[in-house]
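Structure first, commentary second.
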Amino acid sequence: MEKRKNDWSILGFGCMRLPTKKGHIDMKETERELAYAIRHGINYFDTAYVYKGSEKALGILIEKNGWRDKIEIATKLPHYLIHSLENANKIFEEQLTRLHTDYIDNYLIHMLPDVHVFQKLVRMEVLKWLLEKKECGQIRRIGFSYHGNSDQFIKLLDAYDWDFCQVQYNYMDEYSQAGRIGVEYAANRGIPVIIMEPLRGGRLVNDLPPKAKEIFHKTSPRRSPAEWALRWLWNQSSVSVVLSGMNSMEMLKENIRIARSVKIGELTKSDAVLFQKIRKALNEKIKVPCTGCTYCQPCPAGVDIPGIFRCYNVCYTDNYFTGMREYLMCTTMRAKPSNASLCKKCGKCEKHCPQGIKIRNELNSVVKHMENPIYKIIAFVTKRMFR
């Protein structure tokens with residue numbers, strides 16, 4: 001299997017959703033799949049402190065099978081649970097115990113929402129603490145995972161000399177989240193990019209509208225929607241590793257087959273047209289025709305208008321739960337919130353919108369649809385967390 005950066009396999013094993021049986025991780029099936037993955041060249045395994053049972057299961061199997069020298073472990077520091085260096089160190093030591101190891105290859109600050117939160121961590125001396133861990137060999141590389149717009153992503157990249165980063169990226173998020181702009185900016189700075197949500201949690205496979213399925217079905221060469229989505233990512237030299245939550249042997253074997261056959265720059269002009277058609281079919285359900293051009297930015301009140309409309313549209317193209325989760329992560333969990341209800345209705349944005357969107361009215365609709373009582377409770381807790 002091809003390796004692009006740091007001797008990492010281009011296909012990584014996402015361990016958030018390991019195989020389960022009766023509500024618990026199925027250790028026998030997980031062992032079978034991980035063993036197959038390692039035998040066939042996968043060496044990057046991604047987990048996190050908050051993935052229920054994942055670190056512990058991975059650690060047990062690593063020790064049992066003597067895999068430690070054959071793989072790279074990536075896990076994450078939940079900054080949103082950190083209130084002191086003692087607290088951070090306690091979590092880190094717990095992770096080492098769970099994973100049956102004395103070092104972490106790739107340690108990420110989990111879900112870092114913006115540069116302001118990173119600066120808060122610097123003031124808390126968390127970065128200094130991480131560097132001390134790296135100096136003594138307990139951490140080999142320091143990175144971060146991110147959900148949010150490309151502007152904040154680039155600011156985070158410029159805030160520190162990161163060893164790697166992890167972002168949501170797929171053909172539907174080409175111009176949202178960190179987007180192609182952010183991914184290429186990172187790569188141009190020599191920062192390896194790990195991709196999560198390559199299939200948008202499976203929705204680019206399982207929840208495609210009939211029109212999109214028909215387009216794929218009629219396209220030559222005949223490939224599954226999943227294969228087209230993965231090839232779109234591996235076609236780009238900026239992509240170092242694509243994580244996939246492979247919780248079945250069938251999915252694992254198929255993804256390995258694809259990963260072994262891809263080449264940078266292999267997609268043609270007709271393939272690019274194919275993705276344009278698929279995006280159009282998927283976007284027929286969108287509520288607000290925002291292209292993410294950012295001409296409406298910056299908002300005097302700090303409202304992330306393109307990011308808000310993207311999350312709002314996800315409620316209709318994907319599902320409400322996904323849209324709400326992304327709305328919380330991308331607007332509310334920041335040190336400086338950027339949600340729709342901050343709008344002062346000044347109208348400055350509407351003067352610059354090429355699409356002629358009645359932005360103030362649409363933001364009001366977002367408030368009514370998204371900022372319900374449950375949202376307000378979560379927002380209150382989040383504000384206390386980032387205080």
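On a predicted model such as this, the values are computed, not experimentally measured, just so you know.
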Check whether any side-chain N or O of R4 sits under 3.5 Å from a backbone N or O of V239 as a donor-acceptor pair, and report yes or no. yes

Do the side chains of R310 and E326 get close enough for a salt bridge, i.e. N-O under 4.0 angstrom? yes

Using a strict threshold of under 4.0 Å (side-chain N to carboxylate O), is an ion pair present between E284 and K211? yes

Quick check: closest heavy atoms across P198 and L233, and the distance to 0.1 Å? CB-CD1, 3.4 Å

With the side chain counted from C-beta on, respond yes when E350 and I357 share a heavy-atom pair under 4.5 Å apart, and no when they do not. no

Is there side-chain contact between I256 and M1, with at least one heavy-atom pair below 4.5 Å? yes

Can you tell whether the side chains of R200 and E197 come within less than 4.0 Å, N to carboxylate O? no

Identify whether L131 and F164 are in the same connected component of the hydrophobic contact network (ILVMFWY, side-chain heavy atoms under 4.5 Å). no

Please confirm whether the backbone N or O of S176 pairs with a side-chain atom of D173, one donor and one acceptor, at under 3.5 Å? no

So Y185 and R189, do their side chains get closer than 4.5 Å, heavy atoms only? yes

For a quick test of reading the model, state the closest non-hydrogen atom pair linking M124 to S84 and the distance between them. CE-N, 3.8 Å

Do the two ring centres, one from W232 and one from Y169, sit under 6.0 Å apart? yes

Expected output: side-chain W234 to main-chain I10 donor-acceptor under 3.5 Å: yes

Using a strict cut-off of less than 4.0 Å between a Lys/Arg side-chain nitrogen and an Asp/Glu carboxylate oxygen, indicate whether E29 and R32 qualify as a salt bridge. yes

For the residue pair R334 / S338, report whether a side-chain donor-acceptor contact shorter than 3.5 Å exists. yes

In terms of hydrophobic clusters joined by side-chain contacts under 4.5 Å, are L243 and M249 together? no

Is the closest basic N to carboxylate O distance between E362 and K358 below 4.0 Å? no

Assess whether atom CG of D161 is packed by more than 12 heavy atoms of other residues, nucleotides or ligands within 6.0 Å. no

Got a donor-acceptor contact below 3.5 angstrom from the S240 side chain to the V193 backbone? yes

I'd like to know whether NE2 of H24 has more than 12 heavy-atom contacts from other residues, nucleotides or ligands below 6.0 angstrom. no

Check: N6 side chain, W8 main-chain N or O, donor-acceptor pair, under 3.5 Å: no

What closest approach, in Å, do A37 and F45 show between heavy atoms, and which atom pair accounts for it? CB-CZ, 4.4 Å

Would you confirm whether N65, through its side chain, and W67, through its main-chain N or O, come within 3.5 Å as a donor-acceptor pair? no

Does the side chain of D304 reach to within under 4.5 Å of the side chain of P306, using non-hydrogen atoms? yes

Return the minimal non-hydrogen interatomic distance between T47 and S54, and the atom names on each side. OG1-OG, 2.7 Å

Can you check whether C15 reaches D46 side chain to side chain, under 4.5 Å on heavy atoms? no

Just by modelled atom types, is the N235 backbone N or O under 3.5 Å from a matching donor or acceptor in the K263 side chain? no

Is the NZ atom of K56 crowded by more than 12 outside heavy atoms at less than 6.0 Å? no

State whether a side-chain donor-acceptor pair under 3.5 Å links Y312 with S365. no

Listed by chain and number, what are the side-chain hydrogen bond (donor to acceptor under 3.5 Å, both in side chains) partners of Y327, not counting sequence neighbours? E371

On the six-membered ring of Y49, is R98 placed so that its NZ or CZ lies under 6.0 angstrom from the centre and within 45° of the ring axis? yes

Do L108 and L77 land in one hydrophobic cluster if side-chain heavy atoms of ILVMFWY residues count as linked below 4.5 Å? no

From I104, L130, T97, residue fulfilling side-chain contact (heavy atoms from CB on, under 4.5 Å) relative to F92: I104

Could you tell me whether the side chains of R17 and N247 share a donor-acceptor contact shorter than 3.5 Å? no

Should the pair E86-K90 be classified as a salt bridge under the 4.0 Å nitrogen-to-oxygen rule? no

To the closest 0.5 Å, what do you measure between NE2 (H147) and CZ (R325)? 6.5 Å

Is the Lys NZ or Arg CZ of R279 less than 6.0 Å from the centre of Y171's six-membered ring, within 45° of the axis? no

Can any side-chain N or O of N313 pair as donor or acceptor with the backbone N or O of V288 at less than 3.5 Å? yes

Using atom types as modelled and distance alone, determine if a side-chain donor or acceptor of D163 lies under 3.5 Å from a backbone N or O of I142. yes

Give the ring-plane orientation class for H110 versus Y51, where under 30° counts as parallel, over 60° as perpendicular and anything between as tilted. perpendicular

Give a yes/no verdict on a cation-pi contact between K133 and Y107, requiring under 6.0 Å between NZ or CZ and the six-membered ring centre and an angle within 45° of the axis. no

T322 and N319: side chain donor to acceptor below 3.5 Å: yes

Heavy-atom pair of closest approach, residues E254 and S224: OE2-OG, 4.5 Å

Test salt bridge (charged side-chain N to carboxylate O under 4.0 Å, His left out) applied to K287 - qualifying residues, sequence neighbours left out: none

Going by heavy atoms in the side chains, are Y175 and I181 under 4.5 Å from each other? no

Do F13 and I71 pass the side-chain contact (heavy atoms from CB on, under 4.5 Å) test, and can you show the C-alpha distance, the side-chain angles, and the key distance before you say yes or no? CA-CA 11 Å; F13 203 117; I71 70 171; over 6 Å; no

Shortest non-hydrogen pair, K76 vs Q95, comes out as O-NE2, 2.9 Å

Do L11 and M246 come within less than 4.5 Å of each other through their side chains, counting heavy atoms only? yes

Does N43 reach the main-chain N or O of E72 with its side chain, forming a donor-acceptor pair under 3.5 Å? no

Under the criterion side chain to side chain donor-acceptor pair (under 3.5 Å), I'd like the reasoning laid out for N339 against Y375: C-alpha separation, chi angles, the key distance, then a yes or no. CA-CA 11 Å; N339 49 294; Y375 164 86; 3.3 Å; yes

Please evaluate residues W162 and F118 with respect to the criterion ring-ring contact (aromatic ring centres under 6.0 Å, His included), reporting the C-alpha separation (whole Å), side-chain torsions for both, the decisive distance (0.1 Å), and the verdict. CA-CA 12 Å; W162 303 98; F118 176 66; 5.1 Å; yes

By salt bridge (charged side-chain N to carboxylate O under 4.0 Å, His left out) - contacts of E125 (at least two apart): none

Electrostatic pair D271-R231, nearest N-O below 4.0 angstrom: no

Going from CG on L363 to CD1 on I359, what distance comes out if it is rounded to the nearest 0.5 angstrom? 7.0 Å

Look at the side-chain heavy atoms of Ile, Leu, Val, Met, Phe, Trp and Tyr, link any pair under 4.5 Å apart, and say whether I25 and M16 land in one connected group. yes

Is any side-chain heavy atom of R68 less than 4.5 Å from a side-chain heavy atom of T101? yes

Could you go through N255 and S244, starting from their C-alpha distance and side-chain angles, then the distance that decides it, and tell me whether this counts as side chain to side chain donor-acceptor pair (under 3.5 Å)? CA-CA 8 Å; N255 287 359; S244 179; 2.9 Å; yes

Check for me, please, whether F153 and M333 land in the same ILVMFWY cluster - side-chain distances under 4.5 Å, paths through other members count. yes

Please report the interatomic distance CD1(I109) to OG(S145), rounded to the nearest 0.5 Å. 9.0 Å

Taking atom types as modelled and ignoring hydrogens, do the side chains of H369 and Y320 form a donor-acceptor contact shorter than 3.5 angstrom? no

Considering only NZ, NE, NH1 and NH2 on the basic side and carboxylate oxygens on the acidic side, decide whether R257 and E227 come within less than 4.0 Å. yes

